[in-house]
Amino acid sequence: MESTNEHTELTHTDILNALCRLCGDRVTGKKVKDVNVKLCTSFSADILHFYGLNLAEDIENKHSKSLCLKCYARLTALKRSPEPSETVLQSAEILIEKSSAIWAAYDPDVSPMQCATCSHYDGQKKGGRPAKHAKQRRPQKRLFPAEDDAAAADSSCEISFSEILTSTPTKKMKDGTTEMAPPSTTSVMTSPFPKQKALRPLDQLSSPLSKVEDAYLTALVRIKLSEADDKMTVRCKTGGQPIVLMKVTQPRTTSSTAESPLRKKRAKLIDQVRHNLSGSKPEDAIRQQGSELKRTPKGRKEQVLKVAGCGIVHVTAQQSAALRSKLGLSLNKSREHKRFFRSIGVRFPSEREEREQQQRAMCGTIEIEYRQLYFTEENDANKKLVETPVGAITDIKQFLFKILKHYHQQKRLTWHDGQIPEDEVWVKVGGDHGGGTFKFMLQIANLQNANSKHNTFLICIADCKDTPENLKRILEPYREQLSELQGMKWSPFPEAREKKSIRLFLFGDYDFLLKVYGISGAQAVHPCLFCTASKAQIQTPPSFICGNITQRSLIQIKRDNRKFCQKGKRKKKIAKFYNNVIRRPIMGIELTHVAPPYLHILLGIVKKHHDLLEKECHALDKIIAQSLATTGREFESTTVFRDYVEDLKKINQQEEEKRRLETHLVFIDDDDCDQPLAETQKLADKIHDLGDEIEDQQSKLDLPRLSGPVTKHLDTVLRAHKISMQAYHGRSFVGNHCHKYLKPATYEDLCDSVVRKAQELSEARSVQVMSENIRDKFHDLNALYSRVHTSISHQLPVEEDGVTETVNSIRVYMSFFRREFPTVRITPKQHLLEHHCIPFIQMWGFGLALHGEQGGEETHATINLLKRRVWGLKKQEDKLRVLMREHQTMVSPLFHAALSVSTNKKTLKWRMNCASDELNSDNSAALT
């Protein structure tokens, strides 16, 4: 709009909205209603965060509501950046301070020129295409100086310009005389300086040149340049090496202010000069440019290479601290690495700057508290109270909100396509014991990889066992904080209108969860955390369960514990009458928010499947050994199995001898009536002694479970699939190996190997039938459970159709297990799978991996690696403090953004090979 001389309220309002609220410039477009104009009220939260300007305090007729496209683009860029620098934020504040002086409310008593807003609007450059102005032509360069300049020329010239041009040329002879040259056919040039002597003979030329001579030189150089191939080089012949002149334009714009095309043009000119100076070959120019770089001072060289975007690499303090933490380097190792990288041109910041960045990356204050914890010595069963240091984050609320702020700034928070309500943030807390220490941890579920060890934060750590007494003393201080945190509101900005509620979940292994809620244990009469089912009811299929089974709740657990204390007098022998609740719950989190520990359910079920397979293969080994002892067939196996077969052969021989003696005794009784009674009794005693000896040998005969050829071959097949059993943990599997175990290629090969090995050792029909039955049974068993595992072991949203399919898969699996293994007991973990996993999935709409305990289990390995850094510290409290600080640094969201590179092994290997090839080629070129 255009301003007028009248200062009305309507005009003032139109002018007000035609200006940008942030910078004060005119908005794009001719009218405020133009589609290009943005309303700043739509970005009030972002303007408050980045500019510190609260639009809620704006006055209606005093402040603008518009936002120009330039400020809109700047605001969008600030939102996309991970974390704006302090310089950018300071410049934003300065912009607001400058524009604050132009806003004025409407005053009818002042003119438009006296109104700050209207006068500022008139002083702004109007929009639209700029007016065309006549270009000022560059003054033409004169070939010769003006006559008045020539009048002041050097008076020592002996020959006039006109005489030189109009006289007949002469040729000097050897005897000193001159001869007239033939007349020229060209037209005679007229001198612009008719009254002035201009040129001197070549043998009389000396410095300085006259202005006329200087003008002729310029004219001749221009002619030579126009005749040159490159239009910039003049070659003047001499008696020896030619004189080469190159045209270099005198710059009117410096390179620091010139545009990129002009700088490229000048760089091309400098390359041409270097080419002419060094030689015609490419190697000559490379050598010359290398000498120039060597001569350049170090500081200027770094600046030049920085502008060029190559050469010296500067690692920021944040990147250096993050790299040291991620690689698990001690301070001395980090210094060794830095010395090497500095030798090849990489620049690192000081250690002080790294420590400052590490302190900035800390999301919570670490404190060391001393608490009375119970310990048991090896030779003493009595528990002793020992004052033990515990590393802890004292303020969980501040710790959590700072983590959420970092994730929000990096735009890493997600609501999984609306499966998590938009007004909620899901937070997980949990604990576990491993590596000699107990750890209490925190995770954010609103992330893409919520259950990763890189998104798991330590709340406290203590070097003790996770006994119920120790858990109560460690976790009791957090009980009140977690209760307050449940349902608390959080927003990324303090004054933002939209706030999100915090919803707490609890994770951990089954043993930890039972201790937290005060239940006796997995071997109790009522071992289930989520219901009051007894052991006998767990063995029964759901359709045949007798008796009442109620779902546990936090209120019911407290009620059962109160009855156990008051009526049961805390006697553990009668705890079964109070649903085995023998302690008061430590946490106030409802059981509907407790995730079934599917990782440990998976470990238990796969371990049970493999134990049953080994048990039946062991029975098959015994039948194979009996067949080998009978047939005497040669075979290759372990020494233990060979000795077992030899013992069977001896027993078979003794049994055959016994049968022969018994037959002989029968014939004596029937035919030889004259045989002395003493000899008959002696033969009978020998048969009896032989029978006793056979029974004694059979009682001592034993084949160790894992020494048979078929059973031992199972380990070989597992190793071929890169699966190993933990020797010191009851031959259990780790989570990744369980996942591999349930793949069709693995369990099919494992089951087929039983038949192949049995056929290799024996051709007996009974052996073949038994091996095929084992193969078919365990193939179907693992296939059914593999289908269950695939449907619930993820962290993706689950639809209703998927839930129905999972329910059917679990029902079919449990029915098959009960039918094929009627004498095998159903474990509490199988009960959790059958009765409590599906209700949790239906309630929260995700696979069990989102709320599971995988991240907490992985943290044990991370802490064990970090312990190497604190071995040199003497005090336990110092070790815990450094341990928590280094772990917070490793999982810090700020450091995650600093090292946001691909960790794919194939990608990293490819990059390393490329770098190695490039380095080898550079070294070869340097040697050449």
Side-chain angles (χ1 to χ4, degrees), residues 1-4 11-106 112-113 115-133 253 256-263 307 309 408-411 492-493 495-496:
M1 63 161 291
E2 299 294 335
S3 62
T4 62
T11 306
H12 182 84
T13 303
D14 291 343
I15 290 175
L16 195 67
N17 291 328
L19 297 175
C20 176
R21 180 64 180 90
L22 299 182
C23 63
D25 294 341
R26 292 193 183 195
V27 296
T28 303
K30 298 180 180 179
K31 298 180 181 180
V32 179
K33 296 181 180 180
D34 191 16
V35 294
N36 291 328
V37 178
K38 306 291 183 181
L39 294 180
C40 57
T41 54
S42 303
F43 311 96
S44 56
D46 297 328
I47 292 175
L48 176 63
H49 177 63
F50 295 111
Y51 289 86
L53 179 62
N54 190 0
L55 298 181
E57 300 176 357
D58 283 5
I59 301 174
E60 181 69 23
N61 293 326
K62 183 178 178 181
H63 296 94
S64 173
K65 298 181 181 179
S66 304
L67 192 68
C68 67
L69 291 181
K70 184 177 180 181
C71 291
Y72 170 73
R74 186 186 296 113
L75 188 63
T76 305
L78 288 174
K79 289 171 63 178
R80 291 177 178 174
S81 60
E83 185 176 3
S85 62
E86 296 181 359
T87 306
V88 174
L89 296 178
Q90 289 177 0
S91 62
E93 294 177 359
I94 293 173
L95 181 66
I96 296 300
E97 290 179 2
K98 288 183 178 181
S99 63
S100 61
I102 69 174
W103 307 117
Y106 171 69
M113 297 304 297
C115 177
T117 303
C118 298
S119 60
H120 174 77
Y121 179 82
D122 291 335
Q124 287 287 307
K125 186 172 72 171
K126 300 178 181 179
R129 179 177 179 179
K132 292 184 177 181
H133 299 285
T253 304
S256 58
T257 59
E259 297 295 334
S260 178
L262 181 56
R263 291 197 301 268
V307 172
H408 176 77
Q409 290 176 347
Q410 297 175 11
K411 303 187 185 307
F493 310 111
E495 300 182 4

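A quick note: this is a predicted structure, and the numbers were derived from the prediction, not measured.
The OG atom of Ser66 sits 10.5 Å away from atom CG of Leu22, with the distance rounded to the nearest 0.5 Å. Once rounded to the nearest 0.5 Å, the distance linking CG of Asn61 with CG of Asn17 reads 9.0 Å. Between the OG atom of Ser42 and the CG atom of Leu67 there is a distance of 9.0 Å, given to the nearest 0.5 Å. Distance CG/Asp58 to CG/Leu53: 6.0 Å, rounded to 0.5 Å. Between Cys68 atom SG and Arg74 atom CZ the span is 7.0 Å, to the nearest 0.5 Å. Note that CD of Glu60 and CG of Leu16 are 9.5 Å apart. Values are rounded to the nearest 0.5 Å.
Within the 4.5 Å cutoff, the side chain of Cys115 has heavy atoms near those of the His12 side chain. Contact check for Thr13 versus Tyr106: no side-chain heavy atoms found under the 4.5 Å cut-off. Residues Leu55 and Phe43 form no side-chain contact, since every pair of their non-hydrogen atoms from C-beta on lies 4.5 Å or further apart. In this structure, the side chains of Tyr51 and Leu95 come closer than 4.5 Å at one or more pairs of heavy atoms.
Here the side chain of Ser64 pairs a donor or acceptor atom with the backbone of Leu19 at under 3.5 angstrom. Using a distance-only test at 3.5 Å, with no hydrogens or angles considered, a donor-acceptor pair links the side chain of His63 to the main chain of Ile59. A donor-acceptor pair under 3.5 Å is formed between the side chain of Arg26 and the backbone N or O of Tyr121.
Heavy atoms from other residues, nucleotides or ligands lying under 6.0 Å from NZ of Lys411 number more than 12.
Taking each heavy atom of Leu78 and Phe50 in turn, the nearest pair found is O-CZ, 3.5 Å. When all heavy atoms are compared, the tightest approach of Ala116 to Ala101 is CB-O, 4.1 Å.
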>> Could you go through Arg21 and Ile47, starting from their C-alpha distance and side-chain angles, then the distance that decides it, and tell me whether this counts as side chain to side chain contact (heavy atoms under 4.5 Å, CB included)?
In response: CA-CA 10 Å; Arg21 180 64 180 90; Ile47 292 175; over 6 Å; no
